[in-house]
Each structure stands twice: as structure tokens, then as C-alpha cells.
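I have placed the structure first, in the form of C-alpha cells, so that the comments after it can refer back to it.
Residue numbers run from 1 in the order of the sequence given. All ligand and atom numbering here is 1-based and tracks the order in the structure.
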Amino acid sequence: MSKLQLPNTKLFINNEWVESISGNKFKTFNPVNEELICEVSEGDKADVDKAVIAARNAFENGVWGTTMTAEDRGKTILKLADLIQDHKEKLAQLETMDCGKSIVSAREDIDFCVRVIRYFGGWADKIQGKTIPISSEFTSITKHEPIGVVALIVAWNYPLMLLCWKLGPALAAGCTIIAKSSEFTPLTALYLCDLIKEAGFPPGVFNLVSGLGSTVGNALSHHLDIDKISFTGSTVTGRKIMEGAAKSNLKPVTLELGGKSPNIFFADCDIEHCVNAAKDYVFSNNSQNCCFSSRFFVHESIHDAFLTLFTEKIKQIKVGNPYDESNHLGPLVSKQQFDRVLGYIEKGKSEGAKCHLGGSKHHHADGKGYFVQPTIFTNVTDNMTICKEEIFGPVVVILPFKTVDEVIKRANNTTYGLAAGIWTKDISLALNVSNKLKAGSVWINNYDNCLPQVPFGGFKQSGIGRDLSEYAIQSYLSIKAVTISHKTLHAQQN
Ligand code: NAD
């Protein structure tokens with residue numbers, strides 16, 4: 001790979017690149033070779049305050065919030081989609097370098113960013129309230145107004161994509177934004193800032209304050225002049241965000257959190273088809289995927305055949321440098337994540353599960369990088385740690401089941417409720433089971449199929465609110481009811 005040009009690494013406030021007030025910087029590393037990529041300006045509370053002033057001004061007094069029509073807002077968003085498309089290869093290369101995902105996945109991510117931003121660009125001039133006829137004396141109308149200044153905080157597993165999932169509806173609704181990327185993967189969000197400026201967004205509409213969760217993230221969730229916060233990350237941090245909102249100005253929160261998603265394979269499923277599909281989605285994004293189907297419930301009558309074929313397929317998965325397009329599984333994002341995943345694998349072994357495949361570090365050519373072998377556990381019980389907690393790495397547990405009622409109960413036996421998969425030729429069985437699963441996304445005979453038009457989010461401790469689709473826009477709006485008395489009008493005219 002030729003030397004990749006890095007983006008500007010300062011903070012982006014009011015369409016300008018500025019140093020952080022403290023002058024501090026944090027480092028971002030390449031998970032393939034563990035080398036330093038670059039240092040990035042590290043924001044703090046005072047920088048957040050500066051960005052909030054810029055966003056507030058753009059919202060209350062700037063062109064964006066005053067004279068720009070919804071149609072022009074839509075055109076600007078669509079222009080951004082075009083620019084992301086034009087810069088696809090650079091963005092994908094940066095994403096792979098910063099978070100270790102395969103270059104093929106990174107390109108898919110950027111394509112999806114384009115589709116999402118374009119989808120929401122189309123919405124900008126279609127956000128409308130209602131007319132509510134009350135009586136001959138009164139009419140009420142509802143106005144769907146942008147909620148105001150919003151903070152968007154995202155995780156490191158899909159750095160640009162998660163940001164676009166929030167950016168699209170926030171911009172379509174007419175909000176102004178302070179974004180914070182993950183300190184592990186700050187580069188593509190930085191690159192996006194120049195595209196935002198080029199697309200013609202007025203100053204202050206989009207601001208990016210890179211930095212740590214404990215400082216920048218904390219300042220955003222506690223800020224008194226931020227009207228809404230949308231977050232993607234762990235359930236632990238989600239609680240802190242909600243607490244910050246509760247302790248400050250009760251700003252509404254959208255939380256996209258963790259999962260421990262079940263994937264149910266019924267006796268009549270086409271095993272070969274299921275296993276081929278699973279091979280692709282299970283290890284995509286290096287298995288660092290919030291809706292990762294880590295609990296495979298396989299009907300006992302097909303369990304052995306399924307396991308044999310699945311193992312065979314998984315053995316074919318190539319682990320290695322994510323820039324090599326033939327590799328399917330790259331390194332985990334950081335040393336911290338690597339240690340965490342290996343810790344869970346050890347816990348599985350010590351609690352009595354059988355490590356059927358993999359189960360340790362994958363030794364890459366030069367011994368560097370945070371690579372973990374694709375790992376399958378069998379002989380797992382539902383109360384084992386590896387069956388309950390989100391591992392966020394390439395570890396699957398295979399759980400045989402006997403009856404429909406049993407599998408529904410066991411699939412729902414989790415504090416999470418992000419996603420679920422059902423595989424069967426019997427569509428009425430699939431629909432009945434989908435009715436009973438407590439999950440925000442249920443995929444029948446497909447999995448992890450996120451679409452711009454379809455809402456995504458969790459039940460239970462997997463989250464609050466939805467990203468993507470028309471539903472996402474609602475959370476960036478305030479509904480104002482205006483009730484008009486006809487009588488007063490008549491009286492004035494007389
Ligand atoms: P994380 O919670 O550690 O960090 C997410 C973001 O929150 C980062 O930007 C981080 O800097 C910030 N943060 C950390 N502490 C904070 C605080 N006290 N206040 C405010 N912000 C703070 O999560 P992660 O390790 O980056 O991501 C992995 C997690 O994200 C997994 O649990 C995964 O399931 C979840 N995730 C969920 C979805 C979804 O759509 N439901 C999508 C992707 C990832």
C-alpha cells in the first residue's frame with residue numbers, strides 16, 4: 001500500500017481546524033502492526049463548550065436555522081453523500097488502517113454511509129406535521145421542529161458508518177451537531193469534516209471534538225445547552241450517558257448498546273445454505289459487531305451435521321492482514337479488546353465448555369497484531385459467562401435445543417435484546433417465533449441485513465430509540481402543537 005495521506009488531526013469547530021485549548025494529543029495505533037499512526041488533538045470540556053456555542057449559534061442565528069429551506073438542506077446533504085462516494089477508497093483505506101477491518105468490509109461500510117446519507121437527504125423536505133380538526137371553533141396543527149443542538153457519540157467498530165447513521169437524520173431534521181468519534185478510531189470522522197465544508201454546510205452545523213469518553217463524552221452528556229444526545233457503544237457507557245442527561249437538563253437520549261444475539265436453526269433448514277451464510281456474517285468486521293450472533297441454537301436433530309459442516313467452513317476462513325482482499329478475519333481493534341476476548345475464551349474453558357475450534361491468538365507472519373483464531377465452543381450451558389456476556393470477538397457457542405417453546409425461552413434469556421435470526425423453510429413457524437422474540441431486529445433466513453429504510457435498535461438493555469429509517473428522524477424533532485381559535489379571528493375581523 002502506498003503511503004496514505006492522513007486527514008487534518010485538529011478539532012473541527014465552526015468549519016475551522018483548531019488546536020485543542022489544552023494542546024494535548026492522544027495517539028491512534030494500527031492494530032495490524034501495533035505501530036503509531038499519528039497523534040490527534042485531544043479535546044476537553046472547554047473545547048466542548050466552544051463547539052456547543054458554535055452549534056447553538058448556527059442553530060439559532062445562522063443560515064441553517066433561519067433562511068435555508070428544507071429543500072436546500074436536502075441538497076446539501078445529498079452533496080455530502082456524493083462527496084463520500086467520491087472519496088470512498090481513501091475513507092476505506094483509513095478505516096482499515098485505524099480499526100483493522102478488512103478492506104472489503106471497509107468499502108462496504110463506505111457504500112452504506114453513502115446510501116444512508118442519501119436516504120436522509122431525501123427526507124429533509126418531507127418532514128411534516130399534521131392538521132387536527134377539533135371543532136368549528138378550533139383547529140390544531142403540529143409542527144415538527146428540529147430539537148436543536150445534538151451530540152453524537154459513537155463506538156470504534158464501524159467508525160464512519162455509525163456516525164452517518166446519526167448524522168443523516170440529525171441533519172435532515174435541521175439540527176446542529178457536536179460529534180465525538182472513538183479515541184481508538186478517530187481518522188475517518190476527521191476526514192469527513194473537510195467533505196462537510198466542501199458540501200456547503202454553513203459554519204457550526206457540524207463540529208467534531210475528538211477525545212476521550214471520560215472527558216469529552218462526559219462533558220457532552222452533562223452539558224446544559226445540548227438538547228439531545230445519541231450514543232452508540234457499550235451498555236455500561238450507555239448508563240453513564242443517561243445519568244449525565246438526567247443530572248443536567250434531562251436531554252432525551254437515543255442509546256444503541258450491546259447484544260448477545262441468538263440465531264436459531266430449525267430442523268428443516270438448509271444446512272449448507274445456513275452454514276455458508278453464517279461463515280460470511282459471523283466473522284465480518286472481525287466479529288466486532290453489536291448484532292453479532294454469538295449464540296447458535298441448533299435443533300438437536302441437525303446439530304452434529306451442522307457442527308461438522310460449520311467447522312469445515314470456518315477452518316477455511318483466512319485470518320491475516322486486512323489489506324489482503326482474500327483475508328476474511330483481521331485483527332481486533334486494540335490490545336485491550338484482544339486481552340478481553342482471550343480472557344473470555346479462558347473463562348469458557350475454565351467453566352467447563354469444550355473449545356471445539358480455535359481458542360487462542362492467531363500468529364500472524366511477524367508475530368504482531370491483535371489476531372484471534374475463529375473459535376467455536378460446544379458443551380456450553382446457558383448460565384456460563386461466554387453464553388451471557390458480550391464478547392465482541394470471533395467466538396461462537398453452539399447450543400442444541402429440542403422444542404420451539406424451549407428455544408424461544410432460552411433465546412430470550414438475556415438482559416440484551418438487539419437482534420435475532422431464524423432459519424427455517426416453515427414461514428408460519430418463523431413468524432410465530434419472531435412474534436415472541438424480544439429483539440429489535442429479527443432476520444428470517446438472512447442475518448445482519450441493515451438497511452437505510454429499516455429501523456435498527458434494541459429491546460431491553462440493548463438500547464432506547466432507533467437509528468436508521470423514518471423512526472430515527474422522529475428522535476431529532478420536537479413536536480409543537482399550535483391551536484388556533486377561529487372565533488377570535490372572526491371577532492377581530494368584525
Ligand atoms: P464504549 O462504550 O466504550 O465507547 C463508545 C463511545 O463512548 C466512545 O466514543 C467513547 O469514547 C465514549 N465514552 C466512553 N466513556 C464515556 C462516558 N463516560 N461518557 C460519554 N462517552 C463515553 O464502547 P466501544 O468499546 O467503543 O464499542 C463497543 C460497544 O458498542 C459494544 O458493546 C457494542 O455492542 C456496542 N455497539 C452497539 C451498536 C448498536 O447499534 N447497538 C453498534 C456498534 C457498537
In terms of atom number and element, which parts of ligand 1 are under 4.0 angstrom from non-hydrogen atoms of [X]?
X      : answer
Leu162 : 42 (C), 43 (C)
Thr232 : 5 (C), 36 (N), 37 (C), 38 (C), 39 (C), 40 (O), 42 (C), 43 (C), 44 (C)
Asn218 : 19 (N), 20 (C)
Asn157 : 43 (C), 44 (C)
Ile241 : 20 (C), 21 (N)
Thr237 : 1 (P), 2 (O), 3 (O), 7 (O), 13 (N), 14 (C), 15 (N), 16 (C), 17 (C), 21 (N), 22 (C)
Gly258 : 32 (O), 34 (O)
Lys240 : 18 (N)

Could you tell me the residue and atom name of the protein heavy atom closest to [atom], and the distance to it rounded to 0.1 Å?
atom                    : result
atom 36 (N) of ligand 1 : Cys290 CB, 3.5 Å
atom 27 (O) of ligand 1 : Ala155 CB, 3.3 Å
atom 7 (O) of ligand 1  : Phe231 CE1, 3.2 Å
atom 35 (C) of ligand 1 : Gly233 O, 3.1 Å
atom 23 (O) of ligand 1 : Ser234 N, 3.4 Å
atom 25 (O) of ligand 1 : Trp156 NE1, 2.9 Å
atom 11 (O) of ligand 1 : Glu183 OE1, 2.6 Å
atom 13 (N) of ligand 1 : Gly213 CA, 3.3 Å

Does ligand 1 have an atom that lies less than 4.0 angstrom from a heavy atom of [X]?
X      : value
Phe456 : yes
Gly457 : no
Phe292 : no
Gly458 : no

message = Would Leu257 count as being in polar contact with ligand 1, using the rule that some N or O on each side must be under 3.5 angstrom apart?
response =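 Among all N and O atoms of Leu257, at least one is under 3.5 Å from an N or O of ligand 1.
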message = So for ligand 1, is Lys180 a polar contact partner (N or O within less than 3.5 Å, distance only)?
response =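 Checking ligand 1 against Lys180, an N or O pair does fall under 3.5 Å apart.
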message = Are His87 and Tyr191 an aromatic pair, judged by ring center distance below 6.0 Å?
response =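 Yes, the ring centres sit under 6.0 Å apart.
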task = Find out whether the Lys NZ or Arg CZ of Lys228 is both under 6.0 angstrom from the six-membered ring centre of Tyr476 and within 45° of the ring's axis.
result =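 Checked: cation-pi criterion met.
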task = Give me the ring orientation class for Trp64 and Phe201: parallel if the planes are under 30° apart, tilted from 30 to 60°, perpendicular past 60°.
result =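 Aromatic pair Trp64/Phe201 classed tilted.
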